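Read through the structure below, which is laid out as structure tokens, and then see the notes.
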Amino acid sequence: MQQDELTTLIDKTATLMAQYERRGEAIDARLQALGDTLQSLTRQLPLVVKMSADGVLQTLPAEMGSVMRNGLGQSIGDYRQRLDAAGHDVEKASQALAGQIGRLQRLHRQLIWKATGAVVLALALLLAGGAWLSLHYTRVIRDNQLSAELLKAYNGADVTLCGNGKLCANVDTRGARYGENRQYLPVRPR
């Protein structure tokens, strides 16, 4: 009965470990994908800025006349605001991505510690169960050894069952007597 419970516990522990490994692998894959996305965004940022600047520079000669009319200062201020807003948006997105990566790394570490704890606990339970079974069967073997010695003595003695289920023995009347009142005689061997 206890062996079945122990086997069930081991099976459940193995299932739990498999789940933790799958989740850890999924988290690793997500971290890798997020890292790749961040690297891609980092590589694309100079190109986006260059393309934006190229687009503005291409339309600049055509707008130069209107800029002069509307005031050079106001146009530069608007351009600066748009550029600052774009830079701020990019910074917010990269900070949010870095925060997600940090949270995923913390979650991954927690899962590793939990899995390690579960393995250590399972091993401790297995060791404790093994120690208990070892002590239990040591006691059983010791008890059976005493019974075996007694059965050897019975098998070597010349005894038989008499009427009414009583034990009769062929005793050595010349042998030494034993007991408090010297009432016991040794039984002759077969």
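Model, not experiment: these values are computed from the prediction.
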Here the gap from Gln3 atom CD to Thr8 atom OG1, rounded to the nearest 0.5 Å, amounts to 10.0 Å
CG of Leu125 to CD1 of Ile10, rounded to nearest 0.5 Å, is 9.5 Å
Suppose we screen for ring pair (Phe, Tyr, Trp, His ring centres under 6.0 Å). Which residues come up paired with His136, at least two apart in sequence or across chains? Trp132
Tabulate below the donor-acceptor pairs under 3.5 Å that side-chain atoms of residues 28-45 make, not counting sequence neighbours, or state none.
| residue | atom | partner | partner atom | Å |
| --- | --- | --- | --- | --- |
| Asp28 | OD1 | His108 | NE2 | 3.1 |
| Gln32 | NE2 | Asp36 | OD1 | 3.1 |
| Thr37 | OG1 | Ala33 | O | 2.8 |
| Ser40 | OG | Gln44 | NE2 | 3.3 |
| Thr42 | OG1 | Leu38 | O | 2.7 |

Please output the side-chain donor-acceptor pairs of residues 155-163 that fall under 3.5 Å, not counting sequence neighbours, one pair per line with the distance.
| residue | atom | partner | partner atom | Å |
| --- | --- | --- | --- | --- |
| Asn155 | ND2 | Leu151 | O | 3.4 |
| Asp158 | OD2 | Asn170 | ND2 | 3.1 |

Other ILVMFWY residues reachable from Trp113 by side-chain steps of under 4.5 Å: none
If you group Ile, Leu, Val, Met, Phe, Trp and Tyr whenever their side-chain heavy atoms sit less than 4.5 Å apart, what else falls in with Val171? Leu185
I would like to know whether Leu126 and Leu9 meet side chain to side chain contact (heavy atoms under 4.5 Å, CB included); could you show each step before the answer? CA-CA 9 Å; Leu126 285 173; Leu9 178 63; over 6 Å; no
If Ile, Leu, Val, Met, Phe, Trp and Tyr residues are connected whenever their side-chain heavy atoms lie under 4.5 Å apart, and connections chain through other members, are Ile27 and Ile112 in the same group? no
Scan residues 9-22 for pairs that pass side-chain hydrogen bond (donor to acceptor under 3.5 Å, both in side chains), counting only residues two or more places apart or in two chains. none
Quick one: list whatever passes side-chain contact (heavy atoms from CB on, under 4.5 Å) with Thr138, sequence neighbours left out. Ser134, Arg142
So, using side-chain contact (heavy atoms from CB on, under 4.5 Å) as the criterion, who are the partners of Tyr178 when residues are at least two apart? Ala176, Tyr184, Pro186
Show me the donor-acceptor pairs, under 3.5 Å and distance only, between side chains in residues 88-105 and residues at least two apart or in other chains.
| residue | atom | partner | partner atom | Å |
| --- | --- | --- | --- | --- |
| Glu91 | OE2 | Gln95 | NE2 | 3.4 |
| Ser94 | OG | Val90 | O | 3.3 |
| Ser94 | OG | Glu91 | O | 2.9 |

